[in-house]
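Reading through the C-alpha cells given below for one structure.
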Amino acid sequence: MAGQFRSYVWDPVLILSQIVLMQNIYYGSLGLWLALVDWLLRGSPSLDQMFDAEILGFSTPSGRLSMMSFILNALTWS
C-alpha cells in the first residue's frame with residue numbers, strides 16, 4: 001500500500017502548524033530584509049519598522065526603507 005495524502009480527513013493540528021510555519025517564515029524573512037536594507041543604507045534598525053502602522057508610508061525615510069523591505073519580501077515569496 002503506497003503512502004497517500006489524507007485529503008478526506010480534517011486535521012486541525014496540521015492546519016495550525018502550517019499557519020504558524022508560514023507566519024514564522026514571513027516575519028523572519030521580513031526581519032532579514034529590514035536588517036539588510038538598514039545595514040546597506042545606514043538606517044537604524046527597530047521593531048517598529050515591522051509592527052508600527054505609523055511608520056509605513058513614503059513621507060519619511062524610515063517609512064521608505066520599511067516599504068522597500070515589505071516589497072522585497074513580497075517579491076521573494078511570490
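FYI, side chains are in, hydrogens and waters are out, and symmetry mates aren't considered; it's all heavy atoms of this structure.
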Report summary line: Tracing side-chain contacts under 4.5 Å among Ile, Leu, Val, Met, Phe, Trp and Tyr outward from Ile25 reaches Leu21, Trp77
Query raised in the report: Below 4.5 Å, heavy atoms only, C-beta onward: do Ile15 and Trp10 meet side chain to side chain?
Result: yes
Query - Same apolar cluster (I L V M F W Y, side chains within < 4.5 Å links), Ile71/Leu65 - result: no
Query raised in the report: Is there a path of hydrophobic side-chain contacts, each under 4.5 Å between heavy atoms of I, L, V, M, F, W or Y residues, that connects Met67 with Leu32?
Result: no
Query raised in the report: Do Leu14 and Val20 share a hydrophobic cluster (ILVMFWY, side-chain heavy atoms under 4.5 Å, transitive)?
Result: no
**Report entry** CG-CG distance between Leu72 and Leu34, expressed to the nearest 0.5 angstrom
**Finding:** 9.5 Å
Requested in this report: Look up atom OG in Ser69 and atom CG in Asp38, then write down how far apart they are to the nearest 0.5 Å.
Outcome: 6.5 Å
Report task. Could you state whether Ile19 and Met22 fall into the same hydrophobic cluster, counting links through intermediate Ile, Leu, Val, Met, Phe, Trp or Tyr residues with side-chain heavy atoms under 4.5 angstrom apart? Result -> no
Query raised in the report: Taking atom OG of Ser17 and atom CG of Asp11, what is their separation to the nearest 0.5 Å?
Result: 7.5 Å
Query - Nearest non-hydrogen partners of Ser29 and Asn73, listed with the distance - result: OG-OD1, 2.6 Å
